[in-house]
Enquirer: 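Please read through the structure below; I'll follow up with questions.
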Amino acid sequence: MESLLALTIGALAASGVYLMLRRNLLRFILGLALLTNAVNLVILAGGRVTRGHPPLIPAGEAGLAPPFANPLPQALILTAIVIGFGLLSYALVLLYRAHEELRTLDAEAMRAAEPEEGDPEVEP
Amino acid sequence: MSWLILAPILVPAGTAFVSLLLWRHLFWQKALAVLGAGGTLAASLWLVGAVHAQGVMATQLGNWPAPFGISFVADHLSAVMTALAALMGFAAAVYALGDVDEARFRHAFFPLFHILLMGVNGAFLTGDLFNLYVWFEVLLIASFALMALGGGRIQMDGAVKYAFINLFSSLLLLSAIGLTYGMTGTLNMAELALLLPETGAAGLVTTVAMLFLVAFGIKAAIFPLFFWLPASYHVPPVTVSAYFAGMLTKVGVYALIRAFTLLFAQDTSYTHTLLLWLSGVTMLSGVLGAAAQFEFRRILAFHSVSQVGYMVMGLALMSPLALAGSLVFMVHHSLVKANLFLVSGVAKRLAGSFQLRKLGGLYQSAPALSAIFVLAAFSLAGFPPLTGFWAKFLLVRAGLELEAYAIVAAALLTGLLTLYSMVKIWAEAFWKPLPEGSAPEPERVGALAAFYLPMLLLAGATLLLGLFFTPLLALAEGAARELLDPAHYIRAVLGEGARLGEGP
């Protein structure tokens with residue numbers, strides 16, 4: 001199970017990084033989404049993968065008998081998914097607006113904030 | 001559970017909430033913004049006093065004992081940083097009244113601004129790594145929105161670069177946190193400080209430390225991860241630039257200091273040597289970048305990069321004097337750099353441009369502005385008796401004591417080159433006559449107080465803290481003492497029963 005998880009994380013991270021290295025910024029965002037999921041899986045794997053019971057204390061007992069599934073990474077991932085989703089949607093909207101203003105999604109062609117020598121200088 | 005520690009987070013949170021309710025009432029929103037920022041300042045100054053009197057303070061949310069609950073910790077470093085953040089926030093809130101346009105106010109400028117203050121203070125006060133990530137995201141999303149608000153061509157470009165690189169750094173931070181949890185089974189920083197030296201996998205710990213270094217390094221803008229900063233800090237309104245330059249890189253530096261004194265202080269011959277190299281290259285590359293620029297705010301942005309090098313230098317040297325120097329430098333740099341950005345905003349209003357070639361004649365038309373600029377620039381370059389002198393003096397002396405001559409030489413050379421850029425701004429913007437064809441914007445009457453009050457406040461703080469340096473030094477030495485002996489921090493969070501004997 002761990003090795004399958006590790007391979008999945010590796011594949012997701014590799015495709016994510018590959019996409020993020022492209023010049024087209026839409027691909028950067030797609031890569032970011034893949035990498036987010038890879039990182040979430042890293043947290044899941046960090047909490048150990050056990051074939052255990054849900055961490056619920058049965059009625060009448062004082063504590064849990066191991067093995068039980070570790071709930072903390074799942075809580076962390078839930079938070080991370082929510083935050084990641086919010087940021088991803090913000091990034092998409094930002095990119096849409098940037099495309100409206102700059103008419104390009106090519107990272108190399110976006111030079112409005114950093115004009116090179118000879119470019120017309122833009123005032124904010 | 002002590003509400004005092006949470007006050008610097010709760011006050012801006014409440015302010016943001018109420019000003020969202022006042023969506024259509026701009027006047028009250030503005031009044032509340034200044035009031036809320038003032039309240040945050042009062043709360044955090046109170047916290048500084050309490051921490052200085054009692055030592056490290058900690059509180060657990062919902063009274064769950066650490067490490068099960070969420071801890072908030074205030075030591076000297078966090079308390080001084082919250083006070084600094086609140087002072088910057090107050091100055092920026094007042095300046096915004098004159099600087100920011102109606103359209104931005106109508107699109108929730110002040111609620112976002114207070115969410116940013118809340119995120120910054122949360123990052124300073126949290127005692128838990130995952131919460132640090134969450135606070136980082138809170139301040140990032142607010143800062144993304146503040147940067148993009150207004151939506152011009154140049155702003156979209158700057159905001160895209162700023163947002164995307166920071167999203168990437170957040171992912172690195174999150175994966176580092178996941179791996180830390182996998183190694184130790186906890187994310188409470190005090191417990192991590194006890195457990196990390198015992199994991200028996202020093203190599204793995206150093207690997208994770210490097211992930212943290214890159215993640216925080218992007219946010220702090222150290223070499224070679226700083227390129228987003230000069231690309232984006234000059235695009236939003238001056239108020240926002242000033243607050244970002246004064247505070248946001250410091251959050252990264254703060255996180256670096258916290259991580260590399262509390263968590264990863266075992267393999268210092270590797271990690272701190274690397275930090276030392278990075279700090280030297282950061283100083284020089286930033287200041288050389290500034291020398292090549294001819295736009296007021298881009299010069300200042302590149303200087304921010306070089307000054308981050310000094311703060312990391314104090315961390316890398318890791319002696320009591322050096323860490324105290326780092327903290328003094330952070331205080332000094334926030335006051336001065338924010339002030340210089342504010343000056344650039346008034347210069348743009350008076351002479352119509354941020355381009356040094358198109359500026360001129362400000363010495364004649366605005367003597368008070370010139371005086372404030374000279375004070376801030378001299379402090380940045382390190383002239384006595386201003387704060388910059390003391391900050392550099394502490395760092396250089398710490399370097400000489402540890403016989404790290406190369407970094408001292410880099411620091412002094414950077415100081416000299418800083419002076420060169422400041423003289424360039426002075427000669428171009430203030431000294432030479434206004435070039436033909438420049439069209440100054442008409443001065444908005446009534447906004448003058450909003451512009452000059454925060455600048456005078458920050459300039460006064462620079463002068464007073466420089467002249468009466470002892471209280472600041474006492475706070476900085478308290479911080480250094482606590483950073484070098486994590487037992488204070490651990491005991492405050494985990495209680496007196498913590499197994500300190502086995503720890504570091």
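What you see below is based on every heavy atom in this structure, not just the backbone, and it leaves out hydrogens, waters and symmetry mates. In what follows, chains are A, B, ... by sequence order, proteins preceding strands, each numbered from 1.
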Enquirer: Sort B/Phe144 into side chain, backbone, both or neither according to what part of it lies under 4.5 angstrom from a heavy atom of chain A.
Expert: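 Its backbone and side chain both get close to chain A.
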
Enquirer: Kindly indicate whether the side chain of B/Ile177, heavy atoms from C-beta on, has any atom under 4.5 Å from the side chain of B/Leu132.
Expert: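 In short, these two side chains do not touch, never coming nearer than 4.5 Å.
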
Enquirer: Side chains of B/Phe296 and B/Lys348: closer than 4.5 Å at any heavy-atom pair?
Expert: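 Side-chain contact under 4.5 Å: no.
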
Enquirer: Report which part of A/Ile83 has an atom under 4.5 Å of a heavy atom belonging to chain B: side chain, backbone, both, or neither.
Expert: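 Side chain only.
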
Enquirer: Give a yes or no answer on whether the side chain of B/Asn166 reaches the backbone of B/Tyr162 with a donor-acceptor pair at less than 3.5 Å.
Expert: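 Looks like yes, one N/O pair under 3.5 Å.
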
Enquirer: Looking at B/Lys161 and B/Asp157, does any basic side-chain N land under 4.0 Å from a carboxylate oxygen?
Expert: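 Salt bridge flag = yes for B/Asp157 with B/Lys161.
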
Enquirer: Could you tell me if the side chain of B/Phe68 sits less than 4.5 Å from the side chain of B/Asn188, heavy atoms only?
Expert: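 They are not in side-chain contact.
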
Enquirer: So, are B/Glu428 and B/Lys424 salt-bridged, with charged N and O less than 4.0 Å apart?
Expert: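 No.
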
Enquirer: Looking at A/Leu95, A/Ile29, A/Leu102, A/Asn70, which one has more heavy-atom pairs under 4.5 Å with chain B than the rest?
Expert: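 Max contact count across the listed options: A/Leu102.
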
Enquirer: I need the residue from A/Ile43, A/Leu44, A/Ile77, A/Leu88 with the largest number of non-hydrogen atom pairs under 4.5 Å to chain B.
Expert: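 Answer, by heavy-atom pair count under 4.5 Å with chain B: A/Ile43.
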
Enquirer: Would you say the side chain of B/Ser170 lies within less than 4.5 Å of the side chain of B/Glu137, judging by non-hydrogen atoms?
Expert: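 The answer is yes; the side chains approach within 4.5 Å.
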
Enquirer: Most heavy-atom pairs under 4.5 angstrom with chain B, which of A/Thr36, A/Leu76, A/Asn40, A/Leu72?
Expert: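 Heavy-atom pairs under 4.5 Å are most numerous for A/Leu76.
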
Enquirer: Could you look at B/Phe130 and say if it's the side chain, the backbone, both or neither that has a heavy atom under 4.5 Å from chain A?
Expert: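 For B/Phe130, the side chain is the part near chain A, not the backbone.
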
Enquirer: Heavy atoms, side chains only, cut-off 4.5 Å: are B/Leu149 and B/Pro236 in contact?
Expert: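 No, their side chains stay 4.5 Å or more apart.
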
Enquirer: Using non-hydrogen atoms and a 4.5 Å limit, figure out which bit of B/Leu172 sits close to chain A: side chain, backbone, both or neither.
Expert: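 For B/Leu172, no heavy atom lies under 4.5 Å from chain A.
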
Enquirer: Assess whether side-chain hydrogen bond (donor to acceptor under 3.5 Å, both in side chains) is satisfied between B/Asp128 and B/Ser71, documenting all intermediate values.
Expert: CA-CA 6 Å; B/Asp128 180 289; B/Ser71 310; over 6 Å; no

Enquirer: So for B/Ala231, is it side chain, backbone, both, or neither that comes closer than 4.5 Å to the heavy atoms of chain A?
Expert: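 Both backbone and side chain.
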
Enquirer: Would a 4.5 Å heavy-atom cut-off, applied to side chains only, mark B/Leu195 and B/Met183 as touching?
Expert: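 Result no, sub-4.5 Å side-chain heavy-atom pair not found.
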
Enquirer: Applying a heavy-atom distance below 4.5 Å, give me the residues of residues 18-28 of chain A that approach chain B, sorted by number.
Expert: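 From residues 18-28 of chain A, the residues near chain B are A/Met20, A/Leu25, A/Phe28.
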
Enquirer: If you count heavy-atom pairs under 4.5 Å with chain B, which of A/Val42, A/Thr79, A/Leu35, A/Leu87 comes out on top?
Expert: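 Looking at each of A/Val42, A/Thr79, A/Leu35, A/Leu87 in turn, A/Leu87 comes out on top.
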
